[in-house]
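These numbers were taken from a predicted model, which means no experiment stands behind them. Here, residue 1 is the first one in the sequence, and each next residue gets the next number.
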Amino acid sequence: DSDCLRSSDIDVALAVVGGSERPTALPAPGAMTIDELERAMILQCLRHYGRNLTRVADALGLSRAALYRRFQKYAIDPEHSG
């Protein structure tokens, strides 16, 4: 009913596209290192995709081999994470 977008309009659009969960806000600058952010994103994708490693790798833009290297780098056990 308006030509202006409100934040609630975006929230509704994101819920439709990405499911019912509201996206998590990015941490404040300096609150996390890139490695911490990458590790957190991998863990979030593991939970979101039910540990389907092909879908996790695709969502992160990684090959499965690169995803496994990240598991080693961040000491993530994909079978018991989340």
Side-chain angles (χ1 to χ4, degrees):
D1 58 327
S2 172
D3 289 338
C4 295
L5 284 175
R6 297 178 307 268
S7 63
S8 60
D9 297 325
I10 295 170
D11 290 341
V12 169
L14 289 173
V16 169
V17 172
S20 61
E21 292 184 26
R22 183 179 168 101
T24 305
L26 291 173
M32 293 179 87
T33 66
I34 294 292
D35 284 346
E36 291 168 334
L37 189 60
E38 183 175 46
R39 185 178 195 282
M41 184 52 112
I42 291 168
L43 292 171
Q44 183 176 356
C45 283
L46 282 168
R47 285 189 298 274
H48 181 78
Y49 291 109
R51 294 177 182 81
N52 180 322
L53 301 185
T54 299
R55 293 187 72 194
V56 170
D58 287 344
L60 295 171
L62 300 171
S63 67
R64 281 181 58 107
L67 180 61
Y68 279 101
R69 286 191 297 274
R70 300 307 195 291
F71 290 156
Q72 289 180 326
K73 178 179 179 178
Y74 299 121
I76 295 173
D77 179 355
E79 296 298 318
H80 300 98
S81 295

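Atom CG in Asp58 sits 8.5 Å away from atom OH in Tyr49 (nearest 0.5 Å). Interatomic distance, Leu43 CG to His48 NE2, rounded to the nearest 0.5 Å: 14.5 Å.
Looking only at side-chain heavy atoms (C-beta outward), Ile76 and Leu46 come within less than 4.5 Å of each other.
Of all non-hydrogen atoms in Thr33 and Glu36, the two that sit nearest each other are N-OE1, 2.8 Å. Taking each heavy atom of Leu60 and Cys45 in turn, the nearest pair found is CD2-SG, 3.7 Å. Among all heavy-atom pairs drawn from Arg39 and Tyr74, the shortest one is NE-O, 3.1 Å. In plain terms, the two heavy atoms of Pro78 and Leu53 that are nearest each other are CB-CD2, 4.0 Å. The two residues Met32 and Ala40 come nearest to each other via the heavy atoms CE-CB, 4.1 Å.
For Phe71, the ring-ring contact (aromatic ring centres under 6.0 Å, His included) partners are Tyr68, not counting sequence neighbours.
In this structure, Glu38 pairs ionically with Arg70, as a charged nitrogen and a carboxylate oxygen lie closer than 4.0 Å.
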